[in-house]
Amino acid sequence: MSGNGRAARVIEAKGLTKVYGKGEGRVEALAGVSLDVAPGEWVSVVGPSGSGKSTLMNLLGLLDRPTSGRYVLDGREVSGLRGGDLARARRELIGFVFQSYNLLPRQSARRNVELPLVYAGVRGSERKKRALEALEQVELSDRAAHKPPELSGGQKQRVAIARALVGRPAMLLADEPTGNLDTKSGVGILDLFGDLNAAGVTLIVVTHDPEVADRGDRIVDIRDGLVFADERSGGVRE
Amino acid sequence: MRAFRIAGMGLSGLLVNWGRTILTMLGIVIGVAAVVLLASLGNGIQKSISGQINDLGPNLITVSPGTSGEQDGGDNGPFGAAAASTLTPDDTQLVDGLPGVAAASSNVSTVAPVGQESVSFSGVDPSYDEIRAVELAAGRFVEGRGEVVLSQADARRLLNSGPDEAVGETLSVGTPPEDAPERDPEQEGPAQGPNRLPERLPERLREQIPEGFPQDAAPEQEPRQEPTREPTQEPAPEPVRKYEVVGVAEASDVEFGPPIPESSYMATGDALEVSGVKTVGQIVVQAEGAGDVDRAVDGISKELREAHDGAKDFSVITQRELLSTFTEITDQLKIFLAGIAGISLLVGGIGVMNIMLVSVAERTREIGVRKALGATNADVLFQFLLEAILLSLIGGVVGVALGIAGSAVLPEILTDLPPAVVTGNEVALAFGVSALIGVVFGVLPAYRSARLQPVEALRRE
């Protein structure tokens, strides 16, 4: 289960803060969040709107920079990274799954999955091979040539998950992955997450849906920019 | 290698999104084609108008004997020119080589008997055809001795034939020996009247020459005395010679400028021989361009005066009024055309700018996705720059091709339009400006989007 050759902690965050604006309009979205995540863990991040959970996700996903605090991702200090180094860390360490999929609509599923590998500089034939492997992982091999508009919501999200997996990141970061899906498709995605997690993939899932949160090993509840609760979900399940 | 992969991806993206690609390119195509087409049509109109004005002869310079500064070429032209003849074929040669001069021709007027008829001939050099734009109804212009071009009236009178039948006929010019005494006074009349004048005029001129000036040493003065001696030296000055009719001249329809008298033409040398004089009545000169007239006039005045030992015994006449009208019209035309080209360039440029801005703006989210997946700002910019360059280049080439095709086809359809003239400058300008605008406005918004945090870019719809 533990990450093969990975660091002992996938995420080591200490006192992360994020402040937007200045003076009167100053908003403290995160007031100091510390979080450790071990390899192979499935962590659900929950909290009401405005709690700061989206901000936390952006910081953890290296989509935004913390105002202060220290962030070590897969053993690498990433809180001070900028520009090109940040982009590189993103493509090497993180796989994103968005609520609205964010696939390029005119490219085939396979080409969408290949995209992170293009930026990693992987050559064409190798890209194709790995993209097809990733699509197989999400059970979508037969849809490799289809374009997103020809796929159902659940299938689109599977393509997005394949795209997140293809770079073999340290963790998958999902933001409301079932938010746009009907219950059945949503359960399908969560089952897929379960399979991936069982295979050793570290998962961070940001959600406001208790049922989605309960599928994780651990629930981190964010309120007013702070960790309000951080507990095992085992007892709560069923 | 990584750059190649990103480039390849960008290019395949252009193909996959062919609808957007074509629409974007269309903006550039239309912009470039419009500028090329309008500029070429404008050039054609300018050339046509310039040509029509040129036909009126604004570049024409006339060198006449005598000191009169008046513009009296019309009266003095064919007949009176011989009056104060101080000009020789050598002078014509001299003038022909001067800077700003495109061509020069002598013009000797003479009247010669042809059979029972008396015919006025202008003895001219082959270049006269171009200088005065002689229209030919048939055949070609005089290119050497032994050839004549008849006016239509003379062709009818002498050969009783139309222009086409006259070409190739042979004329006997000169007085047959038995007719000589009868014919002599008749046709010597007009030629000799003026010939008396030089006797008086050179005397008047000689008085102006400073004393001690070696008059006899000047070879140019000889011709002035020639005419007076000729009749006595040559009792039968006009032996019969055979001439071939090589062409028939159209009646002149010049509306402005010195009129071209309805005339028949022969070579200068033949006319001098027939008339028995050694001076020419006039030298007609064509300046290289309307702007070269002043330079040419200065050169002619200076050089001829030197050749004539300082004597200003000739006048140089230009079509001054016509010239100023000409430059006024062409200047206005130039401003008008520059305005049209400028406006079409502006409109084309704004079109290109617009479509580029829209196309990139709707891709902000795509930029966010790419960045989330690990693209650096440089990667994103590189891709958009490549796309913009490619779109601009292909669009520009297609636009130039369409513009050139349009300028070839349009005057065929709208027959009132003169043929368009495509020039490299305008094509390069249209292509360059559109490509530059395409690249700048393809990359600038991409640069702005690339600098956004990925979260923000993702938030945009």
Side-chain angles (χ1 to χ4, degrees), chain A residues 18 20 29 54-65 81-108 111-127 147-148 160 163-164 166-167 169 173 175, chain B residues 1-24 359-387 391 446-461:
Chain A
K18 182 67 186 180
Y20 295 107
S54 290
T55 305
L56 178 62
M57 181 197 128
N58 291 339
L59 294 187
L60 294 180
L62 300 178
L63 293 173
D64 208 350
R65 279 199 302 273
L81 293 184
R82 303 182 137 262
D85 292 332
L86 204 59
R88 200 164 304 120
R90 233 175 359 239
R91 75 172 169 250
E92 284 169 8
L93 302 175
I94 301 163
F96 286 98
V97 178
F98 301 98
Q99 178 175 358
S100 51
Y101 328 121
N102 281 331
L103 300 173
L104 300 183
R106 290 184 179 274
Q107 305 274 5
S108 68
R111 288 230 178 241
N112 265 289
V113 175
E114 280 184 28
L115 205 53
L117 299 180
V118 170
Y119 291 111
V122 178
R123 70 189 159 86
S125 53
E126 172 75 6
R127 277 206 309 263
K147 288 172 184 168
R163 183 179 66 184
V166 78
L173 195 56
D175 182 15
Chain B
M1 286 314 274
R2 194 170 159 270
F4 280 122
R5 313 226 194 287
I6 294 169
M9 178 201 60
L11 298 190
S12 74
L14 283 182
L15 288 179
V16 169
N17 295 286
W18 56 269
R20 185 180 63 204
T21 304
I22 287 177
L23 277 181
T24 311
S359 144
V360 175
E362 66 180 20
R363 296 175 72 184
T364 301
R365 196 183 175 81
E366 177 192 330
I367 290 175
V369 174
R370 290 179 184 281
K371 287 192 70 176
L373 299 180
T376 64
N377 289 359
D379 293 339
V380 171
L381 270 186
F382 173 64
Q383 183 194 337
F384 276 78
L385 181 67
L386 198 77
E387 288 185 16
L391 287 178
Y447 175 71
R448 238 176 23 212
S449 300
R451 277 167 48 107
L452 287 177
Q453 289 293 341
V455 213
E456 294 212 23
L458 282 172
R459 221 175 272 148
R460 306 271 173 98
E461 275 309 323

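Only a predicted model underlies this, so the values are computations on that prediction, with no experimental measurement involved. Lettering follows sequence order; numbering is per chain, from 1.
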Rounded distance (nearest 0.5 Å) linking atom [atom1] of [X] with atom [atom2] of [Y]:
X	Y	atom1	atom2	answer
B:Arg370	A:Leu104	CZ	CG	5.0 Å
B:Ile6	A:Leu115	CD1	CG	10.0 Å
B:Thr376	A:Asp85	OG1	CG	10.0 Å
B:Arg5	A:Glu114	CZ	CD	11.0 Å

- Query: So what's closer than 4.5 Å to chain B heavy atoms on A:Arg111: side chain, backbone, both or neither?
  - Reply: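 Interface part for A:Arg111: side chain.
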
- Side chain / backbone / both / neither for A:Asn58 at chain B, heavy atoms under 4.5 Å: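 Contact with chain B involves the side chain of A:Asn58 alone.
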
Could you tell me if the side chain of [Y] sits less than 4.5 Å from the side chain of [X], heavy atoms only?
X	Y	answer
B:Arg20	A:Arg106	no
A:Tyr119	B:Arg2	yes
B:Lys371	A:Arg90	yes
A:Val118	B:Gln383	no

- Task: For residues A:Phe98 and B:Ala372, report the shortest heavy-atom separation together with the two atoms involved.
- Result: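 Closest pair (atom of A:Phe98, atom of B:Ala372, distance): CZ-CB, 3.8 Å.
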
- Quick one: what part of B:Asn17 sits under 4.5 Å from any heavy atom of chain A, side chain, backbone, both or neither? both

- Which region of B:Val369, side chain (C-beta onward) or backbone (N, CA, C, O), has a non-hydrogen atom less than 4.5 Å from a non-hydrogen atom of chain A, or is it both or neither? side chain

- With chain B, which of A:Ala164, A:Pro116, A:Ser108, A:Gly124 has the greatest number of heavy-atom pairs at distances under 4.5 Å? A:Pro116

- Task: Check whether any side-chain N or O of B:Arg365 sits under 3.5 Å from a backbone N or O of A:Asn102 as a donor-acceptor pair, and report yes or no.
- Result: no

- Under a 4.5 Å heavy-atom cutoff, which of B:Ala375, B:Pro454, B:Ser12 has the most pairs with chain A?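 Among the listed options, the one with the most contacts to chain A is B:Ala375.
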
- B:Arg451 atom CZ: more than 12 heavy-atom contacts under 6.0 Å: no

- Item | Greater than 12 external heavy atoms within 6.0 Å of A:Tyr20's OH | yes

